[in-house]
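Each remark here refers to the structure printed beneath this line.
Quick note on labels: first sequence line is chain A, next is B, and so on, each numbered from 1. Values in this document were obtained by computation on a predicted structure and should not be read as measured data.
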There are 2 protein chains.
Amino acid sequence: MSPSAKSDRRFEFRLDLHSGVPVYRQIIDHVLGGISTGSLKPGDQLPTVRQLAVDLAINPNTVVRAYRELEIREVLTTQQGTGTFITDKKPRVNEVERQRRVAQLAGELLARAGAEGITLQELLDYFTELQNEPNRRT
Amino acid sequence: MSPSAKSDRRFEFRLDLHSGVPVYRQIIDHVLGGISTGSLKPGDQLPTVRQLAVDLAINPNTVVRAYRELEIREVLTTQQGTGTFITDKKPRVNEVERQRRVAQLAGELLARAGAEGITLQELLDYFTELQNEPNRRT
DNA sequence: GACAGTGTATTATAAGACTAGTACACTAGC
DNA sequence: GCTAGTGTACTAGTCTTATAATACACTGTC
């Protein structure tokens, strides 16, 4: 249907209402995650405040809160009357620092997952599934 | 040093105050995970309400809430005046809940990564490297 | 200019998570 | 019995999260 130019597929949001994690927080994480996986690129437009509120069956104010926080972090920019877009990426830090950070993040994940009896393999399975079907629905 | 009988090592709790997950939920997940991995066995005593509250720098009421919920699920039993212990009954693993937790942990990682411009691919590379050289130092 | 669609701002309300403080009840060891 | 240590109960209050409703401001298109 939509003959869009940039990203044909819409960026799909998913919420877990039973997780205990605040909804606005889930939206933030989802956008950041989208950047990490590459399904969101600089210049991409995000769903409008009202549209996302309808899709997720939540209050527009909650979407606003998430978007605003991301804007403060310079992850996205808003243009009143137009929409909300992913910012051009900031310059990366040096490679050594970067690699150290990767190891740190990975280590933290494994520690927490391990404490809950979740294996690396399970996580890897999830990630690869994400790569194959980036916008999958539950 | 400690001449304990059953489990020499204390069961260690860790909180992630930045995850957005309610503290009492984290405690619950932690206990369930401990049972899942085998570090908590039937009959093991959990930290006392007051002690855990001190360790985690939280209110005793929050610990009580977590313990009570686990007691309702028959994961543990409390003996007033004595302590809190793991039940014989094994908690149902509930694959759905577990998968949700996997998605949650993975989502957090991706969010943190994305916030720093780290891609999923970089993380995957690191993980596979880990699997191939499990003895390597960070 | 009119209008539809966008983001923004404001106020009020409610529920949940957590803290603080106090008091009570039970158990084991002396 | 006394005491220290355990779980339990209760009330009150704060902060966070989310909703509801309304109004305003800006942009692009016709």
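Rounded to an integer number of Å, the gap from CD of A:Q45 to C1' of D:dG28 is 13 Å. Spacing between atom CD of A:Q26 and atom C1' of D:dT16 amounts to 15 Å, rounded to whole angstrom units. At whole-Å resolution of the value, CD in A:E69 and P in D:dA18 are 11 Å apart. Distance CZ (B:R50) to C1' (D:dG7): 7 Å, rounded to an integer number of Å. Rounded to whole angstrom, the span from the CD atom of A:Q80 across to the C1' atom of D:dC26 amounts to 5 Å. One atom, CD of B:Q51, and another, C1' of D:dT6, lie 12 Å apart when rounded to the nearest Å.
Considering only side-chain atoms of A:T62, the nucleotide from D:dT19, D:dT8, D:dT6 that sits closest is D:dT19. Minimum atom distance to the side chain of A:N61 is reached by D:dT19, of the listed D:dC26, D:dT19, D:dG7.
Nearer to the 5' terminus of DNA chain D, by closest-nucleotide assignment, is the contact made by B:L46 (compared with the other of B:L46 and A:T82). Heavy-atom nearest nucleotides on DNA chain C were determined for B:I58 and for A:Y67, and the one closer to the 5' end corresponds to A:Y67. Along DNA chain D, the nucleotide nearest to A:R25 and the one nearest to B:E71 differ in position, and the one closer to the 5' end is contacted by B:E71.
First and last contacts of DNA chain C with chain B, using any nucleotide atom under 4.0 Å from a protein heavy atom and ordered 5' to 3', fall at C:dA17 to C:dT27.
Side chain of B:H30 to backbone of B:E12: a donor-acceptor contact under 3.5 angstrom is found. When atom types are taken as modelled, the side chain of B:T84 and the backbone of B:L46 share no donor-acceptor pair closer than 3.5 angstrom. A donor-acceptor contact shorter than 3.5 Å links the side chain of A:Q26 to the backbone of A:D16.
Counting only heavy atoms from C-beta outward, the side chains of A:I58 and A:I27 approach each other to under 4.5 Å. For the pair B:V23 and B:L17, the minimum side-chain heavy-atom distance is below 4.5 Å. Between B:L109 and A:F127, some side-chain heavy-atom pair lies under the 4.5 Å cut-off.
Close to D:dG7, at under 4.0 Å from its OP1 or OP2, lies a side-chain N or O of B:T84. For the pair A:R65 and D:dT17, the criterion of a side-chain N or O lying under 4.0 Å from OP1 or OP2 is met.
Listed in residue order, the members of residues 15-24 of chain A having a heavy atom less than 4.0 Å from DNA chain C come to none.
Distance check, rounded to the nearest 0.5 Å: CD1 of A:I86 to CG of A:L70 gives 8.0 Å. Within the model, atoms OG1 of B:T37 and CD1 of A:I118 stand 11.0 Å from one another, a figure rounded to the nearest 0.5 Å.
Salt bridge annotation for B:R68-B:E71: absent, with no cationic side-chain nitrogen under 4.0 angstrom from a carboxylate oxygen.
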